[in-house]
**Q** 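Sending over a structure as structure tokens; questions will come in a sec.
Quantities reported herein were computed from a predicted structural model and do not represent experimental measurements.
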Amino acid sequence: METLDGETQGLTNVDFTKPLLHGPMQFGFDDSFILPGSLDMYPYAFARDHIWQGEVTAQKGWSAFNRVGPAEVDFEDHEVLETFYGEAEAYIERQSAEEPFFLFLALTAPHTPTSPGEAWPGKSELGVYGDFVMEVDHSVERVMKALKAKGLDENTLVLFSSDHGPAPYAGNILAATPDQIQQLEDQGHYSNGPHRGYKFSAYEGGLRVPLIAWWPAVIPAGSTCDALVGLNDFMATFAELTGGEPGDEEAPDSISFAPLLRDPGAEGARKNLIMESVRAFVVRDGDWKLCLCPGSGTPAGSENAAGSDPMPEVAWRAALELFEGVP
């Protein structure tokens, strides 16, 4: 972003009358409508085709971490999801069956801040976090209905996924609160499913995410796939499906899983995957996983630590005692 004084961008020196210098359109997108960051990280403003929308002259912050910073004067956190899937619906409305299209819809939920729209409070039995998750489900429903309204639902590939596992500090207490995810689990809601650990850990609960694929013309209904894939494999997969060919320096770590869409029971091409927690590398090879860290790999002393046990310091001490290194 351009600054008023030519210095590194900060809280008060960004020139929001100038377009973004870098964004989706530098990477092949024809148009874009984005919130350039997380909803708990300023600036709190939308940019269309790199042009800031509205007057970015206010200072605002939201629940969870309450990071106060530049914001558009009318920007409200609880309106962001509705805004995004409204934009998605408008984009799909402009498409036709004759021309292929690509839509990347990056929702801000259920990431913190927990900010369900005005129609959603009280909808779930789980509390405000449950309301938030229900609105995410609703956003998918809205996109699917838009595809069906245009007659695009049978031959459009829809992929739904996440970037990491659940944060242990997120839940019905809007402020980021260490290990409050335990309260959701006490109510029977396990955001990490059967897996151990949470966001920032090297365990499966922090690194394994759902990947739901829907393509009625190709994917057998109700099928499941146990093959190993990574989100970095999207590039090669899309290239194969569209007859493209990545350049020599493009997506070198991407392996297509297109054959698995046609035959979910087939053997996947990817045999191993390197993943990373906030501190440690993990190497997955078939059904085995090597965690190159003591314990969960989660640093102690922050709201991120609670729940992903043991902490590295505890695991190191236990290992040393086991091998008689330190009493």
**Q** Testing the basics here: between Val136 and Ser139, what is the closest heavy-atom pair and its distance to 0.1 Å?
**A**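 Of all heavy-atom pairs spanning Val136 and Ser139, the closest is O-OG, 2.5 Å.
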
**Q** How many angstroms lie between OG1 in Thr12 and CG in Leu4, if you round to the nearest 0.5 Å?
**A**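 One gets 8.0 Å once the value is rounded to the nearest 0.5 Å.
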
**Q** Hey, does the side chain of Asp309 reach the backbone of Ser296 with a donor-acceptor pair shorter than 3.5 angstrom?
**A**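 Not a single qualifying donor-acceptor pair exists.
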
**Q** To check you understand the geometry: which heavy-atom pair defines the closest contact between Asp163 and Leu231, and what is its length?
**A**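 The pair with the smallest heavy-atom distance is CA-CD1, 4.3 Å.
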
**Q** Partners of Phe84 by ring pair (Phe, Tyr, Trp, His ring centres under 6.0 Å), sequence neighbours excluded?
**A**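 Partners of Phe84 under the ring pair (Phe, Tyr, Trp, His ring centres under 6.0 Å) test: Phe46.
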
**Q** Looking only at the side chains, is there a donor atom on one of His189 and Ser191 sitting less than 3.5 Å from an acceptor on the other?
**A**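 Yes, Ser191 and His189 have a side-chain donor paired with an acceptor closer than 3.5 Å.
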
**Q** How would you list, by chain and number, every residue that makes a ring pair (Phe, Tyr, Trp, His ring centres under 6.0 Å) with Phe132, sequence neighbours excluded?
**A**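 Scan of Phe132 (ring pair (Phe, Tyr, Trp, His ring centres under 6.0 Å), adjacent residues dropped) gives none.
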
**Q** Ignoring hydrogens and angles, tell me if any N or O in the side chain of Ser115 forms a donor-acceptor pair with the backbone of Pro113 under 3.5 Å.
**A**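 Flag set: sc Ser115 to bb Pro113 pair under 3.5 Å.
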
**Q** Among the clusters formed by ILVMFWY side chains lying less than 4.5 Å apart, do Val133 and Tyr190 turn up in the same one?
**A**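 In one cluster with Val133: Tyr190, no.
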
**Q** Quiz question: by atom type and distance under 3.5 Å, do the side chains of Lys199 and Tyr169 form a donor-acceptor pair?
**A**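 Checked: Lys199/Tyr169 side chains pair up, N/O donor to acceptor below 3.5 Å.
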
**Q** In terms of hydrophobic clusters joined by side-chain contacts under 4.5 Å, are Leu261 and Val158 together?
**A**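 No, it is not one cluster - the side chains of Leu261 and Val158 are not joined through contacts under 4.5 Å.
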
**Q** Using a 3.5 Å distance criterion without hydrogens, assess whether the side chain of Ser308 forms a donor-acceptor pair with backbone atoms of Tyr198.
**A**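 Checking the backbone N and O of Tyr198 against the side chain of Ser308, a donor-acceptor pair under 3.5 Å is found.
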
**Q** Using a 4.5 Å cut-off on heavy atoms from C-beta on, say whether the side chain of Leu152 contacts that of Phe101.
**A**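 Yes, at least one pair of side-chain atoms sits under 4.5 Å.
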
**Q** Can any side-chain N or O of Glu72 pair as donor or acceptor with the backbone N or O of Val56 at less than 3.5 Å?
**A**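 Pair absent, no side-chain N/O of Glu72 close to backbone of Val56.
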
**Q** Mind telling me whether Trp52 and Phe16 have parallel, tilted or perpendicular rings, with 30° and 60° as the class edges?
**A**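 Perpendicular.
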
**Q** Quick check: does any side chain N or O of Thr177 sit under 3.5 Å from a backbone N or O of Gln180, one acting as donor and the other as acceptor?
**A**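 Looks like no, no N/O pair under 3.5 Å.
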
**Q** Under 3.5 Å, is there a donor-acceptor pair between the side chain of Ser277 and the main chain of Ser201?
**A**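 Checking the backbone N and O of Ser201 against the side chain of Ser277, no donor-acceptor pair under 3.5 Å is found.
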
**Q** Mind telling me whether Phe75 and Trp62 have parallel, tilted or perpendicular rings, with 30° and 60° as the class edges?
**A**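 Tilted.
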
**Q** Could you check Thr114, Thr112, Asn66 and say which one makes a side chain to side chain donor-acceptor pair (under 3.5 Å) with Asp40?
**A**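 Exactly one option meets the side chain to side chain donor-acceptor pair (under 3.5 Å) with Asp40, and it is Thr112.
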
**Q** Table please: side-chain donor-acceptor pairs of residues 281-292 below 3.5 Å, with sequence neighbours left out.
**A**
unit_1 : atom_1 : unit_2 : atom_2 : d
Arg284 : NE     : Gly286 : O      : 2.5
Arg284 : NH2    : Gly286 : O      : 3.2
Lys289 : NZ     : Ala202 : O      : 2.9
Lys289 : NZ     : Glu204 : OE2    : 2.7

**Q** Name all pairs fulfilling the salt bridge (charged side-chain N to carboxylate O under 4.0 Å, His left out) condition that reach into residues 118-130, sequence neighbours left out, sorted by first residue then second.
**A**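 Residue pairs with at least one partner in residues 118-130: there are none.
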
**Q** Is it the case that the side chain of Glu276 and the backbone of Ile274 share a donor-acceptor pair, with hydrogens and angles ignored and the cut-off at 3.5 Å?
**A**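 Such a contact is absent between Glu276 side chain and Ile274 backbone.
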
**Q** Which side-chain N or O atoms in residues 216-226 pair as donor and acceptor under 3.5 Å with protein atoms at least two apart or in another chain?
**A**
unit_1 : atom_1 : unit_2 : atom_2 : d
Ser223 : OG     : Pro220 : O      : 2.7

**Q** List the residues meeting side chain to side chain donor-acceptor pair (under 3.5 Å) with Tyr85, not counting sequence neighbours, and say none if there are none.
**A**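 Here the qualifying residues are Glu82, Glu135.
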
**Q** Scan residues 19-36 for pairs that pass side-chain hydrogen bond (donor to acceptor under 3.5 Å, both in side chains), counting only residues two or more places apart or in two chains.
**A**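 Qualifying pairs: none.
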
**Q** Verify whether the ring centers belonging to Phe238 and Phe102 lie closer than 6.0 Å.
**A**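 Yes - the distance between ring centres of Phe238 and Phe102 falls below the 6.0 Å cut-off.
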
**Q** Does CE in Met235 sit with more than 12 non-hydrogen atoms of other residues, nucleotides or ligands closer than 6.0 Å?
**A**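 No, the 6.0 Å shell around CE holds no more than 12 heavy atoms from other groups.
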
**Q** Once salt bridge (charged side-chain N to carboxylate O under 4.0 Å, His left out) is applied, what residue pairs with a partner in residues 233-261 remain, sequence neighbours excluded?
**A**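 Every salt bridge (charged side-chain N to carboxylate O under 4.0 Å, His left out) pair that includes a residue of residues 233-261, provided the two are not neighbours, is Asp233-Arg270.
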
**Q** Return the set of residues passing ring pair (Phe, Tyr, Trp, His ring centres under 6.0 Å) with Trp120 (not counting sequence neighbours), or none when no residue passes.
**A**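 Trp120 satisfies ring pair (Phe, Tyr, Trp, His ring centres under 6.0 Å) with His138 once adjacent residues are dropped.
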
**Q** Is the side chain of Ser124 donor-acceptor paired with the backbone N or O of Gly127 at a distance under 3.5 Å, no angle test?
**A**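 Pair found, side chain donor or acceptor close to backbone of Gly127.
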
**Q** Quick one: salt bridge (charged side-chain N to carboxylate O under 4.0 Å, His left out) pairs with a partner in residues 11-20, sequence neighbours left out?
**A**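 Output for this query lists Glu2-Lys18, Asp15-Lys18.
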
**Q** Where do Asn155 and Trp215 land on the side chain to side chain donor-acceptor pair (under 3.5 Å) test, with the steps shown first?
**A** CA-CA 6 Å; Asn155 200 28; Trp215 192 4; 3.1 Å; yes

**Q** Listed by chain and number, what are the side chain to side chain donor-acceptor pair (under 3.5 Å) partners of Asn13, not counting sequence neighbours?
**A**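 Side chain to side chain donor-acceptor pair (under 3.5 Å) check on Asn13 returns Asp5.
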
**Q** Write down the atom of Ala213, the atom of Leu159, and the distance for their closest heavy-atom approach.
**A**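 Heavy atoms of Ala213 and Leu159 come nearest at CB-CD2, 3.5 Å.
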
**Q** Under the salt bridge (charged side-chain N to carboxylate O under 4.0 Å, His left out) rule, what pairs show up with a residue in residues 86-105, not counting sequence neighbours?
**A**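 As it turns out, the salt bridge (charged side-chain N to carboxylate O under 4.0 Å, His left out) pairs with a partner in residues 86-105, which skip direct neighbours, are Arg48-Glu87, Glu89-Arg142.
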
**Q** Write down the atom of Ala236, the atom of Ser254, and the distance for their closest heavy-atom approach.
**A**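 Shortest heavy-atom separation between Ala236 and Ser254 comes out as N-OG, 2.9 Å.
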
**Q** Under 4.0 Å between a Lys/Arg side-chain N and an Asp/Glu carboxylate O for Arg317 and Glu313?
**A**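 Not counted as a salt bridge, because no side-chain N and carboxylate O are separated by less than 4.0 Å.
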
**Q** Is the number of heavy atoms from other residues, nucleotides or ligands within 6.0 Å of NZ (Lys271) greater than 12?
**A**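 For Lys271, atom NZ is crowded (more than 12 foreign heavy atoms under 6.0 Å).
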
**Q** If two hydrophobic side chains count as joined below 4.5 Å and joins carry through other members, does Trp214 share a cluster with Ile92?
**A**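 Per the 4.5 Å side-chain linkage, Trp214 and Ile92 are co-clustered.
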
**Q** Between Leu105 and Leu211, is there shared hydrophobic-cluster membership here, with clusters defined by ILVMFWY side-chain heavy atoms closer than 4.5 Å?
**A**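 As far as the 4.5 Å side-chain criterion goes, Leu211 and Leu105 are not connected within one cluster.
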
**Q** Determine whether Val80 and Val140 fall in the same hydrophobic cluster, where Ile, Leu, Val, Met, Phe, Trp and Tyr are linked whenever their side-chain heavy atoms lie under 4.5 Å apart.
**A**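 As far as the 4.5 Å side-chain criterion goes, Val140 and Val80 are connected within one cluster.
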
